[in-house]
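Inspection log for the structure reproduced underneath, given as structure tokens.
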Protein chains: 4
Amino acid sequence: MSTTAPPGRPRSERARRAVLHAVDDMLVDIGYAAMTIKGIAERAGVGRQTVYRWWSTKAEILLEASVIDAAEALETPAQDDPVADLTTYLQALVDFLTTSPAGMAYRALLGEAQHDPAVQVLVGDADLLAASTAAVLDRVRASAPAMPQVGLAAAQLAGPVVTTVLTARPPWTADQLRLHAATLIKGWQ
Amino acid sequence: MSTTAPPGRPRSERARRAVLHAVDDMLVDIGYAAMTIKGIAERAGVGRQTVYRWWSTKAEILLEASVIDAAEALETPAQDDPVADLTTYLQALVDFLTTSPAGMAYRALLGEAQHDPAVQVLVGDADLLAASTAAVLDRVRASAPAMPQVGLAAAQLAGPVVTTVLTARPPWTADQLRLHAATLIKGWQ
Amino acid sequence: MSTTAPPGRPRSERARRAVLHAVDDMLVDIGYAAMTIKGIAERAGVGRQTVYRWWSTKAEILLEASVIDAAEALETPAQDDPVADLTTYLQALVDFLTTSPAGMAYRALLGEAQHDPAVQVLVGDADLLAASTAAVLDRVRASAPAMPQVGLAAAQLAGPVVTTVLTARPPWTADQLRLHAATLIKGWQ
Amino acid sequence: MSTTAPPGRPRSERARRAVLHAVDDMLVDIGYAAMTIKGIAERAGVGRQTVYRWWSTKAEILLEASVIDAAEALETPAQDDPVADLTTYLQALVDFLTTSPAGMAYRALLGEAQHDPAVQVLVGDADLLAASTAAVLDRVRASAPAMPQVGLAAAQLAGPVVTTVLTARPPWTADQLRLHAATLIKGWQ
DNA sequence: TAATAATCGAGACGGTACGTCTTGTCTTCGT
DNA sequence: ACGAAGACAAGACGTACCGTCTCGATTATTA
């Protein structure tokens, strides 16, 4: 009971990878706004139609290209102390958002979502931070009996840091992150 | 000791206002992404050059058009209970972000800032939420002796709500807002 | 030994013709000065870039549009008498310059050449009158043994008529044309 | 019976001359096509409105600026031999058209006249070559009994040379000019 | 071993916004 | 009232990118 391959020339894996790599590179080199589909196709050495055949928008390519990395980047080792555990995670989050290419992609997507409803759906569906926040919150739950449902707690944890970065304010220092973690642990008692 | 007027025809206040109104209207009608400077000029009944003479980007116009409204929309009356005080503010914030034109402008600017460094500076300089959060935090400070410095506390208060909206997740309910306020007040003891 | 087609979509003959026709029409309707490349593209139902892709200037389009017509319009039947032969040609030349669309195009190009060195080269290269004057001069050469080299004789023949038209003076009557022809034939004895 | 001066500040002769000089200079520096009224005003250190108040078009300024010189430039000393007389004039005409600023202005105006009916009238009214050709033709009339009416003869004399220059062909050599003069003198016997 | 079919690259197509430029008019102040 | 300065509405400039289309060439499956 095997599915037969459809007739015609199959999709070129080479072309697909070339596009994703081009997007990755260009995001770092020239930024999201300066990227054009024309430019991506040329950089990838690929026909323009080929890009349009498989993706609808810049945002869609970006999502496929970079965002897989997000989950990995935010996996942090458990710590003995709950405050330290949250702080470690928050530091990883700040680094991700401010320095990593995947973080830049995430911010670009979040930005685009504010203008384009289609991207809004895309971003809403793929909650890139959910898995990692859930993991760390699970670890500290024992020490925080009054912690609210996971979605809300995740927002309480990550929201302030994310907003600070998105509004172009200086990212929090280690001390500030620890203070925030402590506030939450205490508030969740 | 009077400053003499510069030579030449003075700037037309009529044209300035027409542009700002046009931007306000178009943001609601067609959204930020679909707005073009050409379109703004035409809608305002103004020459294209006149727009370029006084503003560099869509974002700059939007900022001038909407900043004033933000502060007013987020002024909330004091409440007896500190948790209620914060909750009232948070509800106003959610309404502002999800329903008001000025809130849409704010989100559009925040979005644009993720692509464009120039807008990033613009948004970073004009912290539209700062004044209102500072006001409400001042009122509850007596009941929250361990509250951190105002910038950090403001982020703790508003960040989770803002992030939830920006990531296109359903905005928090009244109960959830109250729970968040309670967590902070307790955490700040 | 066949030349392979270049890659990519081939040039649209339809678009080319539409542009040339539009230019022809507009020259008559609104005149050379009022013609804009934007207007040509719109009238032709063609993208603006398509015009720029194949022509650099209004003048270049005009030249391509009108050159062919010029030669035909100035072919005149041989006459028995050399003076009559020249007179017939001169009459055709006057009509061409003063009434035909191709003649208007020629005058517009000649005008543009006085401002724009690039057009000067264009006009200099394509001597629209050369073929027709050479033909008629060949026919009368037997009756005019002292006729100078063809370029000079052609200028002697056509120059006075052309200048009269270009300087906006009333075009010569049939009698005046015959007188001019007679002067030359006598001078060339 | 004296005419009283009109009320208000009288026209500034300084401004008028500054404009005319600017036009003269710019014609040589950047050419007719590149000249703009804005540019003329700036170069002359004069308000834009001041230019518009006194002249309607570039062509009008040019006419006032340069064309007075034309008549002088084409006054040639009488020669003993009629052929030499005409040849001397023709040489002056070629020099005027190809090298002198006033000649460039004349060609620019003639060019503009092909696009703009208003300039056509301007140029038609002011026959810049008429006076000079009439003078030289008068001198040779005795040796050319069959010379046609002055307008026609003037065109026969100057037309070929003018057309050669306007069509961007190499201007005639001294030998060619002499040959042309000889043809006419013989034709006019 | 064709024939068929969907892919690929390249690049032209009709559109349209960009930011700049010049047009001719207007509105201010200083002479 | 005129002069300079310069803003105004209008609209063309030439460029860039959009998303679609039309080529010849390639690479699979099916007959």
Side-chain angles (χ1 to χ4, degrees), chain A residues 4-12 14-15 18 34-42 44-54 56-58, chain B residues 4-16 18 34-42 44-54 56-58, chain C residues 4-12 14-16 18 34-42 44-54 56-57, chain D residues 5-12 14-15 18 35-42 44-54 56-58:
Chain A
T4 4
R9 181 177 180 174
R11 174 174 182 186
S12 157
R14 198 210 124 271
M35 271 171 53
T36 65
I37 295 204
K38 192 185 185 232
I40 294 169
E42 274 164 12
V46 145
R48 201 123 62 94
Q49 185 75 226
T50 303
V51 178
Y52 283 111
R53 216 189 317 267
W54 303 113
S56 302
T57 60
K58 265 197 293 181
Chain B
T4 0
R9 181 178 180 171
R11 176 173 182 184
S12 158
E13 181 62 17
R14 197 210 126 271
R16 179 178 156 271
M35 271 171 53
T36 65
I37 295 203
K38 190 183 188 237
I40 294 169
E42 276 164 11
V46 145
R48 202 122 62 93
Q49 184 82 194
T50 301
V51 179
Y52 283 111
R53 214 190 318 269
W54 303 113
S56 303
T57 60
K58 267 197 293 181
Chain C
T4 356
R9 180 177 180 172
R11 174 172 183 185
S12 158
R14 198 211 126 269
R16 179 179 156 273
M35 271 171 52
T36 66
I37 295 204
K38 190 182 189 241
I40 295 169
E42 275 164 11
V46 145
R48 201 124 60 93
Q49 184 83 194
T50 301
V51 178
Y52 283 111
R53 210 185 327 263
W54 303 112
S56 302
T57 59
Chain D
R9 179 174 178 174
R11 174 172 182 185
S12 157
R14 199 210 124 268
M35 272 171 51
T36 65
I37 296 204
K38 191 185 186 232
I40 294 168
E42 275 162 13
V46 145
R48 202 123 63 90
Q49 186 72 230
T50 303
V51 179
Y52 283 112
R53 216 187 319 267
W54 302 113
S56 302
T57 61
K58 267 199 292 183

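What you see is a predicted model, and the numbers here were worked out from it, not measured in a lab. Letters go in sequence order (proteins before strands), and every chain restarts at 1.
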Euclidean distance, atom CZ of residue A/R9 to atom C1' of F/dT30 [Å, nearest integer]: 18 Å
Spacing between D/I40 atom CD1 and E/dT23 atom C1', to the nearest angstrom: 13 Å
By side-chain contact (heavy atoms from CB on, under 4.5 Å) - contacts of [X] (at least two apart):
X: A/T57; answer: A/A59, A/E60
X: B/S12; answer: B/R14, B/A15
X: A/R53; answer: A/Q49, A/T50

Where protein sits on nucleotides 9-17 of chain F, one letter per nucleotide: B base, S sugar-phosphate only, - none, heavy atoms under 4.0 Å: B--BBBBBS
All side chain to side chain donor-acceptor pair (under 3.5 Å) counterparts of B/R11, not counting sequence neighbours: none
N/O (side chain, A/W54) to phosphate O (OP1/OP2, E/dA6) under 4.0 Å: no
Residues in salt bridge (charged side-chain N to carboxylate O under 4.0 Å, His left out) contact with A/R48, at least two apart in sequence or another chain: none
